[in-house]
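Structure, as structure tokens:
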Amino acid sequence: MPPKKRTRSSAKSNKHTDADAQHGEGSDDVAQLKTGKRKRSAGVKSDVEKNKNDDGRKTSCSHWLMKSEPESRIENGVDVKFGIEDLKVLPDQTGCWDGVRNYQARNFMRDMKVGQQAFFYHSNCKEPGIAGLMKIVKEAYVDHTQFDKKDAHYDPSSKADNPKWSMVDVQFERMTKRFIPLTELKKYHLQHKAKGGPLKDMALFTRARLSVQPLTAEEYDFILSLENEDPI
DNA sequence: GCCAACGTTGGC
DNA sequence: GCCAACGTTGGC
């Protein structure tokens, strides 16, 4: 459910710049509590700290998986459909990944750096799975849709002087050589869980519902290698 | 459309 | 701060 069809061209010229965004930080993660973790050293806003995501998983992940729905669905009166084909036809094949309303997912987006790669994952649809590749072309800044009453992901609890939600800009890179279905990833996940292998802890299976998730280099490479293999 | 998983909210 | 109720995600 992330992005909307919003065009990015505007994003680039948008008035909201990274500066504003700055990480809305104050918002500090209420969410984190959930996992009990709360690490984030108090106060340390900068996240340059990093290299460890909040679940402590591996170190600096530099690859990502981002979910979006390729089929029409109305939310708050608005169609949230945004598949990889929709990204591809935007000016510059670039769009903003708006609409993320989950703290963990948001925090992962705030960790993203320009140039990193992400899989475009189709969710909540007939054939869920990885459809293509994109790259991060603009780091986290304020998601303006949180203030827009007409938007599918309007958040009345977010205040302009302390925005809760961020987004990044992504650019279409290419379709995967073949669609990599969730079912296939799951088979590998189970297999790897039993006997070892790169997908044994893949977030897609260990963290249900997380719409923006990190991949280790091993996970990313393995999944990409499936492009050249026959489906199992 | 169903429903399991799990995040969020709010009463206490 | 706990936890039950509620809401959302997303596979099937």
Side-chain angles (χ1 to χ4, degrees), chain A residues 1-5 24-40 42 53-57 64-87 97-111 118-132 143 145-146 148-159 162-167 179-193 199-215 219 223 226 231-232:
Chain A
M1 53 195 67
K4 269 119 260 83
K5 26 204 71 207
E25 73 274 9
S27 40
D28 275 15
D29 323 322
V30 180
Q32 249 92 284
L33 308 177
K34 209 327 149 346
T35 42
K37 312 219 147 205
R38 181 139 230 95
K39 52 182 40 22
R40 243 94 95 157
N53 294 306
D54 41 4
D55 52 347
R57 194 163 195 263
W64 310 94
L65 180 148
M66 303 171 81
K67 300 178 183 177
S68 185
E69 303 182 43
E71 295 172 7
S72 282
R73 188 172 64 79
I74 305 304
E75 196 174 326
N76 193 21
V78 184
D79 192 350
V80 297
K81 168 185 184 299
F82 188 85
I84 194 163
E85 300 295 342
D86 299 301
L87 175 61
W97 206 266
D98 60 6
V100 171
R101 297 292 182 267
N102 168 282
Y103 291 103
Q104 285 196 127
R106 179 203 69 180
N107 292 343
F108 284 131
M109 286 202 295
R110 289 179 178 183
D111 285 340
F119 287 127
F120 195 123
Y121 178 91
H122 282 169
S123 68
N124 203 15
C125 57
K126 197 78 62 77
E127 253 222 82
I130 293 171
D143 177 348
T145 67
Q146 66 197 299
D148 179 0
K149 294 192 172 65
K150 308 280 205 325
D151 191 89
H153 303 108
Y154 170 58
D155 181 359
S157 74
S158 183
K159 300 298 173 228
N162 188 15
K164 287 187 179 175
W165 308 111
S166 302
M167 64 186 178
F179 181 79
I180 303 180
L182 171 65
T183 52
E184 181 174 345
L185 293 170
K186 185 163 212 165
K187 285 178 200 165
Y188 282 112
H189 167 65
L190 292 173
Q191 197 173 296
H192 292 181
K193 207 158 53 122
L199 301 195
K200 84 177 143 54
D201 298 319
M202 192 183 179
L204 191 58
F205 306 105
T206 59
R207 332 242 3 219
R209 303 175 58 203
L210 186 57
S211 68
V212 174
Q213 43 184 265
L215 293 173
E219 288 166 341
I223 292 166
L226 296 178
I232 60 169

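As a basis for the values below, the full set of heavy atoms in this structure was taken, side chains included, without hydrogen atoms, waters or symmetry mates.
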Report task. Using the closest heavy atom to pick a nucleotide of DNA chain C for each, name whichever of A/Thr183 or A/Arg101 lands nearer the 5' end. Result ->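 In this pair, the answer is A/Arg101.
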
**Report entry** Donor on one side chain, acceptor on other, A/Thr206 and A/Asp201, under 3.5 Å
**Finding:** no

Query raised in the report: Just checking, is any N or O donor in the side chain of A/Thr145 or A/Arg101 under 3.5 Å from an acceptor N or O on the other one?
Result: yes

Pairs under 3.5 angstrom, nitrogen or oxygen only, protein versus nucleotides 5-7 of chain C, please.
| residue | atom | partner | partner atom | Å |
| --- | --- | --- | --- | --- |
| C/dG7 | N2 | A/Arg209 | NH1 | 3.4 |
| C/dG7 | N2 | A/Arg209 | NH2 | 3.2 |

Requested in this report: Would you confirm whether A/His122, through its side chain, and A/Ile84, through its main-chain N or O, come within 3.5 Å as a donor-acceptor pair?
Outcome: yes

Query raised in the report: Centres of the A/Phe120 and A/Trp64 rings: under 6.0 Å?
Result: no

Report task. Pick base, sugar-phosphate or nothing for A/Lys186, based on heavy-atom distances below 4.0 Å to the nucleic acid. Result ->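 It contacts sugar-phosphate atoms only.
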
Query raised in the report: Which part of the nucleic acid does A/Tyr121 contact within heavy-atom distance under 4.0 Å: base, sugar-phosphate only, or nothing?
Result: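 Sugar-phosphate only.
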
Report task. Could you pick out which residue, A/Ala208 or A/Asn124, lies toward the 5' side of DNA chain B when each is mapped onto its nearest nucleotide? Result ->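 Checking each residue's closest nucleotide, the 5'-ward one belongs to A/Asn124.
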
Query - Exercise: identify the closest heavy-atom pair between A/Ser123 and A/Lys67 - result: OG-CB, 4.0 Å

**Report entry** A/Gln213 to A/Arg207 - nearest heavy-atom pair and separation
**Finding:** NE2-O, 4.4 Å

In whole angstrom, give the distance that lies between atom [atom1] of [X] and atom [atom2] of [N].
X	N	atom1	atom2	result
A/Ile130	C/dG10	CD1	P	14 Å
A/Tyr103	C/dT8	OH	C1'	15 Å
A/Met202	C/dG11	CE	P	12 Å
A/Glu127	C/dG11	CD	C1'	13 Å
A/Glu69	C/dC12	CD	P	15 Å
A/Lys164	B/dT8	NZ	P	10 Å
A/Phe205	C/dG10	CZ	P	13 Å
A/Leu204	C/dC12	CG	P	10 Å

Requested in this report: Return no unless some side-chain N or O of A/Lys67 is found under 4.0 Å from OP1 or OP2 of C/dT9.
Outcome: no

Query raised in the report: A/Arg106 and A/Asp143: side-chain contact (heavy atoms from CB on, under 4.5 Å), yes or no, with the steps?
Result: CA-CA 10 Å; A/Arg106 179 203 69 180; A/Asp143 177 348; over 6 Å; no

